[in-house]
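This report refers to the structure that appears directly beneath it.
Reckoned from all heavy atoms, side chains included, excluding hydrogens, waters and symmetry mates. Naming convention: chains lettered A, B, ... in sequence-line order (proteins, then strands); numbering from 1 in each chain.
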Protein chains: 2
Amino acid sequence: MQRHTDTAARRGRDTARPAHSRGVVGAALRLFAEHGFEATTMDDIAVAAGVSRSTLFRRFGSKDDVLFADQDELVEEIGALLTESGEEPVAAVCAAARMVLRGYTTDPDVALARYQLVRAHTGLRDREIAMSARYQALFTQHLSRGHTDARTLLAAEVLAAAVIAAHNHVLRGWLRTPGETGAAVAQRLEEALSFVTEELAGSLRAAASGRSRPSGPEGAVLVAVYPAGASGGEVLAKVRAALEAGGPQQLQ
Amino acid sequence: MQRHTDTAARRGRDTARPAHSRGVVGAALRLFAEHGFEATTMDDIAVAAGVSRSTLFRRFGSKDDVLFADQDELVEEIGALLTESGEEPVAAVCAAARMVLRGYTTDPDVALARYQLVRAHTGLRDREIAMSARYQALFTQHLSRGHTDARTLLAAEVLAAAVIAAHNHVLRGWLRTPGETGAAVAQRLEEALSFVTEELAGSLRAAASGRSRPSGPEGAVLVAVYPAGASGGEVLAKVRAALEAGGPQQLQ
DNA sequence: GCCGATATTGAGACTGAGTTTCAATCCTTG
DNA sequence: CAAGGATTGAAACTCAGTCTCAATATCGGC
């Protein structure tokens, strides 16, 4: 559906965020938890929060956005933080990931309440996934800043995806079995992040520094071989056949 | 938004897909392209397709789903393909990614028309992102099948995210500058995939072999060759070197 | 070919999200 | 206090999505 203007949906709200926005969100969360997301109408929220339906839509844009209001703020904070960060890109992105996780763990009640709702409804799940994608886009952009070559762009995109995956892995683990302290979760994230950066950060650096990686777009030969128990001669035969056929192809 | 039952939204439709479903989608795409997505109502589509609004909702579940109907089918095909695949997991996931890309490139007109719409509307963009996430979940599940240790789970999740990122990178490139042949795009995907697998597949294998061997179905040999101006002998020499080195790897 | 059981379709009413318009009520600032 | 713009509320409207019920296919059995 999403009928309201996109800009209004995502951001458009007045920059001055009235103090009782928090109260509105609180009332909404209470209603959602009590009667479910779908069963709660915008009218219900309006009367519970003591404002009119109109202002509700004006301030949040949509019902989902009431639920994800603080997350939206966080996305923007992260964006701002990245643009003005002087750190080395990969480190900056990791720092951003830490901050995102902290955004959840500092408010466990809200995060868990939302998780229950998100788990139950496909529409909300998609909304949360879209949120993740926004972080990922920010990360990609920051990692590839100033570079235009295909290799670096790909490496940036992959690394951003990997960092987000690591973050989400840790986050979901915590959401499923809460009770862990914020510090313990942060520690898990550190481990996951170092796993990712050890595997991938090097290749981004290599790609970004221009010279080191093999494939210029032209003139390069890339051979990928995955032997899974076959003899070398067998593989060679297949390669020979591939070469004779002339084009790029896959055999097995 | 997304008011209808989740099951109905995602899948629920009758398994027997009437032949004129294609016609309905075609009519809808024409209307979307002509008047825009939002400006086209379900009534419009219904009269254009010669069915009732009721059956439209019954068959597709929602307006978005009319636009993404074939994609939804593809997701299920991929899921089925993965579960019954005997290949080595990473190879299977790469094959799935290839199939997804082919799902776009075999129908360039539809894919490009949809891309124009998706680009313009946040709601649709989110929908497409959710689709990507579904693929990613499938990949993660397949890569971590049979393993429960945290390390492998993380590696599977990261690798799945990376493969999806590589796929999307290539896909978006094609969507932005169409005209490239399907084969050329497929080749780009090969490069992107080998970048990813070279960086990450090893770590998944390492994590997984901590316990049980991922038991590559023996005898499966995948050889991907991309000659871009090099002589066959040169390539063969490199393959021979790769075999002597023993593991899957990349040479230049 | 006919008939009853079962899907499939269509029509129409209904809910609720999101938009729009306009009037009322704040704040400002002079 | 008065004129300016901004914030709010009320109400009507559109349209997606659901639900119910009647009409019509469709199909197996006779």
Side-chain angles (χ1 to χ4, degrees), chain A residues 1-21 23-24 27-28 31-32 35-69 72 117 121-124 126-127, chain B residues 1-21 23-24 27-28 31-32 35-69 72 117 121-124 126-127:
Chain A
M1 207 176 299
Q2 204 96 5
R3 194 118 42 78
H4 58 281
T5 347
D6 286 343
T7 53
R10 285 300 178 211
R11 256 333 6 268
R13 277 81 73 194
D14 36 313
T15 49
R17 205 167 295 270
H20 52 296
S21 237
V24 173
L31 288 177
F32 290 156
H35 309 113
F37 182 78
E38 316 245 328
T40 306
T41 76
M42 282 301 252
D43 268 309
D44 296 338
I45 302 175
V47 308
V51 296
S52 84
R53 208 180 83 104
S54 299
T55 46
L56 221 50
F57 275 109
R58 246 189 297 257
R59 195 155 328 136
F60 295 97
S62 83
K63 194 165 117 177
D64 310 83
D65 288 338
V66 177
L67 188 56
F68 288 102
D72 272 326
L117 295 170
H121 277 297
T122 310
L124 295 179
D126 288 359
R127 177 67 157 82
Chain B
M1 188 183 310
Q2 206 94 7
R3 195 121 39 81
H4 58 279
T5 347
D6 286 344
T7 53
R10 284 301 177 210
R11 244 354 343 280
R13 278 80 74 195
D14 37 311
T15 49
R17 204 167 294 270
H20 52 298
S21 237
V24 173
L31 289 178
F32 290 157
H35 308 113
F37 182 78
E38 316 244 329
T40 305
T41 76
M42 282 301 254
D43 269 308
D44 296 337
I45 302 175
V47 307
V51 296
S52 82
R53 208 179 82 104
S54 299
T55 45
L56 221 50
F57 276 108
R58 247 189 296 257
R59 192 146 343 128
F60 296 97
S62 82
K63 196 165 115 176
D64 311 84
D65 288 337
V66 177
L67 188 57
F68 288 101
D72 273 325
L117 295 170
H121 284 297
T122 310
L124 296 179
D126 289 359
R127 177 67 158 80

**Report entry** Phosphate OP1/OP2 of D:dG9: any A:S52 side-chain N/O under 4.0 Å
**Finding:** yes
**Report entry** Between C1' of C:dT8 and CZ of B:R59, the distance in whole Å
**Finding:** 10 Å
Report task. Would you kindly give the CZ-to-C1' distance between B:F57 and C:dT15, to the nearest whole Å? Result -> 13 Å
Requested in this report: Would you check if B:V66 and B:M42 make a side-chain contact, meaning some heavy-atom pair closer than 4.5 Å?
Outcome: yes
Query raised in the report: Which nucleotide in the set C:dG10, D:dG17, C:dA17 lies at the smallest distance from any side-chain heavy atom of A:M42?
Result: C:dA17
Query raised in the report: Within the modelled atom types, does a donor on one side and an acceptor on the other bring the side chain of B:S54 and the base of C:dA11 under 3.5 Å apart?
Result: yes
Query raised in the report: D:dC19 phosphate, OP1 or OP2: any side-chain N/O from B:R58 under 4.0 angstrom?
Result: no
Query raised in the report: Between B:H121 (NE2) and C:dG18 (P), how many Å, whole number?
Result: 15 Å
Report task. Using heavy atoms to find the nearest nucleotide of DNA chain C for B:G50 and B:R53 separately, return the residue whose nucleotide is more 5′. Result -> B:G50
Query raised in the report: How long is the gap from CD on A:E38 to CG on A:L117, to the nearest 0.5 Å?
Result: 10.5 Å
Requested in this report: Apply side chain to side chain contact (heavy atoms under 4.5 Å, CB included) to the pair B:D126 and A:D126, showing each step before the final yes or no.
Outcome: CA-CA 7 Å; B:D126 289 359; A:D126 288 359; over 6 Å; no
Query raised in the report: Quick one: is A:T55 getting a side-chain N or O under 4.0 Å of the D:dG9 phosphate, OP1 or OP2?
Result: yes
